[in-house]
Asks: 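The structure is given below, and queries will be raised subsequently.
Atoms within each ligand, like the ligands themselves, are counted from 1 in listed order.
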Amino acid sequence: MTFPTPAALQEVRLAALAARGLRLAVLRLDQRPAAHNGNKGYKLQPWRERLARGAGRGLISLGGAHSNHLHALAALGREEGFATVGLLRGEPCLTPTVEDVQANGMTLHWLGYGGYRRRHDADFWQPWQARYPGLLPVPEGGCDESAAATCMAIVTELREGLAALGWPDCQQLWLAAGTGTTLAGVIRAADPAWQVVGGLAVPPGHGVEANLDRLLAQHTNPNWRLLDASRGGFGRIDAELARAMADFEAQTGIALEPLYTGKLWLALRQEIEGGALPPGSRLVLIHSGGLQGRRALEAQLAALAAG
Ligand SMILES: Cc1ncc(COP(=O)(O)O)c(C=O)c1O
């Protein structure tokens, strides 16, 4: 998977880094357009290839009312002219994400909470495939082996970025994990000398560890770790998080979103402030995009940051 323009690897200046002799660069996957934003440009690539081979006439997938995955999927369907159907968690509501996916032609079905919980049942897809013949079912969050494989290309971009910055290497590479698909791809492709750190956006035991076991079964790079960045729950946001995001944006000009990259930065900042990183370390944070999902939370974030 190659993009016409490589993602920028941008070094940022922050007081917390300077005080400890550390350097940090952000891989700006967030700057890509909606259909390819963040990690989605990689995770959806195998599905584009299947459609290009004539395996189906469109895609059907699942997510919440703020889902970055459905947002990118709908934009891609619009861009490439294939049909998209979204199965949504909960009761009908109009969020900026829902407005966008509808504007991009995605057909929506609201499953309620009980109906959505049945998504792992063996016969879940059967009625949907009968209703929408030729639409390929994409697992929740786009999590599968082929998506992990295409996420390896993120490391190719990172290597180009390191060369452009004149950094010989990095000591730690941080990224957020929701299903662990992107993390698995990055671990597979990373230089074993770099430590890959996966910041869990969901609490431990919510599937990421099991997905990683499966997606890394044939792979040997041992230099990675997971840490709980979830702050007690996937959707939970609090004042410390809101302030950390606002402070990061004020110092670097880079916006984060609260569910993945904001929590990731706060976890990294805590390690920096705790003195866990040797002076001179070069760090990279992958900005996996998803700022679209933040639109519904702006007022809450501003109130928390100000409080
Ligand atoms: C913005 C953002 N970052 C990170 C992730 C985590 O990706 P993964 O599910 O591959 O762990 C997601 C979810 O897909 C996301 O939307």
Asks: Do Asp100 and Arg295 meet the salt-bridge criterion of a basic N to acidic O distance under 4.0 Å?
Replies: yes

Asks: Can you sort out which atoms of ligand 1 are near Ala177, meaning under 4.0 Å from one of its heavy atoms?
Replies: 11 (O)

Asks: To the nearest 0.5 Å, how far apart are OH in Tyr42 and NE2 in His36?
Replies: 11.0 Å

Asks: Mark up the atoms of ligand 1 that fall under 4.0 Å of a heavy atom belonging to Lys40, in ascending order.
Replies: 12 (C), 13 (C), 14 (O), 15 (C), 16 (O)

Asks: Tell me which part of Leu175 gets within contact of ligand 1: side chain, backbone, both or neither, using heavy atoms under 4.0 Å.
Replies: neither

Asks: Would you say Asn37's side chain and Gly289's backbone share a donor-acceptor pair under 3.5 angstrom?
Replies: no

Asks: With heavy atoms of Asn68 as the reference, note each atom of ligand 1 found under 4.0 Å away.
Replies: 1 (C), 15 (C), 16 (O)

Asks: Using the side chain to side chain donor-acceptor pair (under 3.5 Å) rule, pick out the option among Gln31, Arg28, His287 that qualifies with Gln10.
Replies: Arg28

Asks: Which of the atoms in ligand 1, numbered in the order shown and given with their element, are less than 4.0 Å from a heavy-atom of Gly289?
Replies: 1 (C)

Asks: Using a 6.0 Å distance limit plus a 45 degree cone around the ring axis, check whether Arg89 lies over the aromatic ring of Tyr116.
Replies: yes

Asks: With heavy atoms of Thr179 as the reference, note each atom of ligand 1 found under 4.0 Å away.
Replies: 8 (P), 9 (O), 10 (O), 11 (O)

Asks: Mark up the atoms of ligand 1 that fall under 4.0 Å of a heavy atom belonging to Thr182, in ascending order.
Replies: 7 (O), 8 (P), 10 (O)

Asks: Tell me, which protein residue and heavy-atom name are nearest atom 7 (O) of ligand 1, and how many Å apart are they?
Replies: Asn39 ND2, 3.0 Å

Asks: Heavy-atom contacts under 4.0 Å between Lys43 and ligand 1: side chain, backbone, both, or neither?
Replies: side chain

Asks: When you measure from atom 3 (N) of ligand 1 to every protein heavy atom, which one gives the shortest distance, and what is it?
Replies: Ser288 OG, 2.7 Å

